[in-house]
Number of protein chains: 2
Amino acid sequence: MSDSGRPIGTGLHDPVLETIGMEITCGELPAGHVLTLDGIGERFGVSRTVAREAMRVLESMCLVQSRRRVGITVRPREEWNVFDPRVIWWRLSGSDRDAQLRSLTELRIAVEPLAAASAARGASAAERSRVVELATSLRKLGEAAELTEFMEADVEFHTLLLRAGGNEMFAALSNVVGSVLRGRTQLGLMPHQPVPEALDLHEAVAEAVAAGRAADAEDAMRKLLAEVRTAVLPS
Amino acid sequence: MSDSGRPIGTGLHDPVLETIGMEITCGELPAGHVLTLDGIGERFGVSRTVAREAMRVLESMCLVQSRRRVGITVRPREEWNVFDPRVIWWRLSGSDRDAQLRSLTELRIAVEPLAAASAARGASAAERSRVVELATSLRKLGEAAELTEFMEADVEFHTLLLRAGGNEMFAALSNVVGSVLRGRTQLGLMPHQPVPEALDLHEAVAEAVAAGRAADAEDAMRKLLAEVRTAVLPS
DNA sequence: CCTCCTCGAAAGGTACTATCTTTGCTCGGA
DNA sequence: TCCGAGCAAAGATAGTACCTTTCGAGGAGG
């Protein structure tokens, strides 16, 4: 699961999907633009069937619509399945990283506090001890300014909290959060050294979860994300 | 957009996708079960290419994994793209409506208050007046116990609030919320007559949004969803 | 008991046919 | 002369049949 857990495509049609998906989400192919299977097949050197399968997947993400005689038209952004992990990944890699990061951060602010509260109520003993362990690691790595290692531990921290609550919708967002955190690090939106308050808050969340204090966990996570918001939304 | 806004499939492979997707999400085809393209083609009377396209879409939802020589294996539930509108719809129509409604309601509790606050900050004039209009309609329809009409207005109310904030991730959840509300009504989880408190809270949310009082809107929406929670989670 | 080879089954990929829809041209009427 | 309706042709997708590649399993031999 190297990148946001999207399924590993081993086939020949994967590069087609990847390239065109990226081009659409980046805005390079604007809404209303028309593609043809022949054009795709010729461009990538594949048969029409391969192109068709790729388009079928894109259609299932509501990125394009296929109509007879007309061709394959790119749909407007409002209709995209923006929760599809591939779409999120493409947009984070592409040109509108900014809007995407803003939206996702707002989503995190909404979800993660409640997920932390759920985790405080429902986590297993192993999960409780692991979350404390991770918070300790985070402090150590943060103070040593090991940014990459810090990020990996941070991803595991948030993933664990999203999964421990037992809500599968929250759990499904863990890939999204992982993408956001990796994106922020790659984009240089992380401070060179994590601010001490953030480290304190990670520990506060961990302790509250470990002790089963749901309200405290929720509150600490909310404060933590307020910190994140100021980093991502400089406005 | 009769059902959760999933793209209208006009092709021949759509019934295949629909049937097998439903069977997997319902648990009728358990994780690890192996399908073959030939089997699918024979069962539905279609060619293998059609079956393959349907499987490609299912694969893009992480419901199955296709490996050579082995066949198409059903993946465990934890790996599904549970945010895909089709998956949500299938699960709501199928046997684990209950777990799905619980998860989705928790998600609503997380997201909708913040979305209401965003709407209070960023809605257009037309949206502000429309939301008040809808709250008034809701009171009238609720007191008249017109359940279906009430639901439709309720869907529009929540959809409007999710979209007005300008956050595309929130906006993308409007189909989900629509599905939940419709599912609750069809499932008989709505009271025969909406409780007066709910009507009051809808109006409170609307007024706060119209007046631009973000904190009040958030608070009222939170109370409204607390009401919903008690209805859905009888525990 | 381990290793290697062979066989076969199922997915991957290609070429071809059918069908449907759009578009443009023509003919007739006002 | 202009406008509208209808018909025909073209082109692109939908679907089918067939060949190729790959990898897993089972058996034989060391």
Side-chain angles (χ1 to χ4, degrees), chain A residues 6-21 23-24 29-76 79-81 86, chain B residues 6-21 23-24 29-76 79-81 86:
Chain A
R6 69 177 185 281
I8 37 126
T10 162
L12 175 60
H13 74 108
D14 213 59
V16 181
L17 182 66
E18 204 69 17
T19 306
I20 298 187
E23 285 175 357
I24 292 175
L29 295 177
H33 187 92
V34 176
L35 299 161
T36 68
L37 288 182
D38 278 322
I40 296 166
E42 192 178 349
R43 174 177 168 195
F44 292 90
V46 296
S47 75
R48 296 234 312 281
T49 304
V50 175
R52 232 170 69 186
E53 282 176 12
M55 288 306 103
R56 200 69 92 179
V57 175
L58 251 44
E59 196 178 11
S60 90
M61 300 173 182
C62 301
L63 258 59
V64 300
Q65 185 168 30
S66 159
R67 291 178 55 204
R68 281 201 167 179
R69 174 61 187 141
V70 166
I72 296 157
T73 55
V74 178
R75 301 179 75 167
E79 302 181 10
W80 298 349
N81 267 5
R86 282 189 215 75
Chain B
R6 70 176 183 280
I8 37 128
T10 162
L12 176 59
H13 74 108
D14 213 61
V16 181
L17 182 66
E18 203 70 18
T19 306
I20 298 188
E23 286 175 356
I24 291 176
L29 294 177
H33 187 92
V34 176
L35 299 162
T36 68
L37 289 181
D38 281 321
I40 295 166
E42 193 178 349
R43 173 177 167 196
F44 292 91
V46 297
S47 75
R48 287 181 52 249
T49 305
V50 174
R52 233 170 70 186
E53 282 175 12
M55 288 308 103
R56 201 68 91 180
V57 175
L58 251 45
E59 197 178 11
S60 89
M61 300 173 184
C62 301
L63 259 60
V64 299
Q65 185 167 28
S66 159
R67 290 177 57 199
R68 280 196 172 179
R69 173 59 188 143
V70 166
I72 296 156
T73 54
V74 178
R75 301 179 75 166
E79 302 181 11
W80 297 349
N81 267 3
R86 283 188 214 74

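In the text below, chain A, chain B and the rest are named by the order of the sequence lines, each starting its count at 1.
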Legend entry - Residue pair A/Glu53, A/Val57: steps toward the side chain to side chain contact (heavy atoms under 4.5 Å, CB included) verdict: CA-CA 6 Å; A/Glu53 282 176 12; A/Val57 175; 5.9 Å; no

Inset, instruction - Could you walk me through whether A/Phe44 and A/Val50 pass the side chain to side chain contact (heavy atoms under 4.5 Å, CB included) test, one step at a time? - result: CA-CA 10 Å; A/Phe44 292 90; A/Val50 175; over 6 Å; no

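Across the protein-nucleic acid pair, B/Arg48 atom CZ and D/dT20 atom C1' stand 12 Å apart, rounded to whole Å. As a whole-Å value, the separation of B/Phe44 CZ from D/dA14 P is 19 Å. Atom-to-atom, CZ of A/Arg52 to P of C/dA15 comes out at 14 Å; the value is rounded to the nearest Å. Counting to the nearest Å, the P atom of D/dT13 and the CD atom of A/Glu53 are 15 Å from each other. Summarising the geometry, the separation between CE on B/Met55 and P on C/dA10 is reported as 16 Å, rounded to the nearest angstrom.
Distance from the side chain of A/Val50 is smallest for C/dT14 among the nucleotides D/dG15, C/dT14, D/dC18. Out of D/dG15, D/dG24, C/dA11, the shortest distance to the side chain of A/Arg56 is found at D/dG15. In the set D/dG15, C/dG12, D/dT13, the nucleotide with an atom closest to the side chain of B/Ser66 is C/dG12. Closest to the side chain of A/Thr49, from the set C/dA15, D/dG24, C/dG13, is C/dA15.
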Every protein N/O within reach of nucleotides 4-7 of chain C N/O, cut-off under 3.5 Å:
none

Output one line per pair: protein atom, nucleotide atom from nucleotides 8-11 of chain D, and distance, for all N/O pairs under 3.5 Å.
{"unit_1": "D/dG11", "atom_1": "O4'", "unit_2": "A/Arg69", "atom_2": "NH1", "d": "3.3"}

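Salt bridge status for B/Glu59 with B/Arg56: present, with a side-chain N to carboxylate O gap under 4.0 Å.
The side-chain contact (heavy atoms from CB on, under 4.5 Å) test applied to A/Pro30 returns A/His33, not counting sequence neighbours. In this view, A/Glu42 satisfies the side chain to side chain donor-acceptor pair (under 3.5 Å) rule with no residue, not counting sequence neighbours. Under the side chain to side chain donor-acceptor pair (under 3.5 Å) criterion, B/Arg67 pairs with no residue, sequence neighbours left out.
Side-chain contact between A/Ile20 and A/Met55 is present, with at least one heavy-atom pair separated by less than 4.5 Å.
Place B/Val70 and A/Ile72 on DNA chain D by their nearest nucleotides, and A/Ile72 ends up nearer the 5' end.
Taking a 4.0 Å limit (strictly below) on heavy-atom distances, residues 34-42 of chain B does not reach DNA chain D anywhere.
When each of A/Thr36, A/Ile40, A/Leu35 is paired with A/Asp38, the side chain to side chain contact (heavy atoms under 4.5 Å, CB included) condition holds for A/Thr36 and for no other.
Not a single donor-acceptor contact under 3.5 angstrom links the side-chain atoms of B/Arg67 to the base of D/dG24.
The heavy-atom pair separating A/Asn81 from A/Cys62 by the smallest distance is OD1-SG, 4.0 Å.
We find the CD-CG distance between B/Glu79 and B/Leu63 to be 10.5 Å, quoted to the nearest 0.5 Å. From A/Ile24, atom CD1 reaches atom CD1 of A/Ile72 across 9.0 Å, with rounding to the nearest 0.5 Å.
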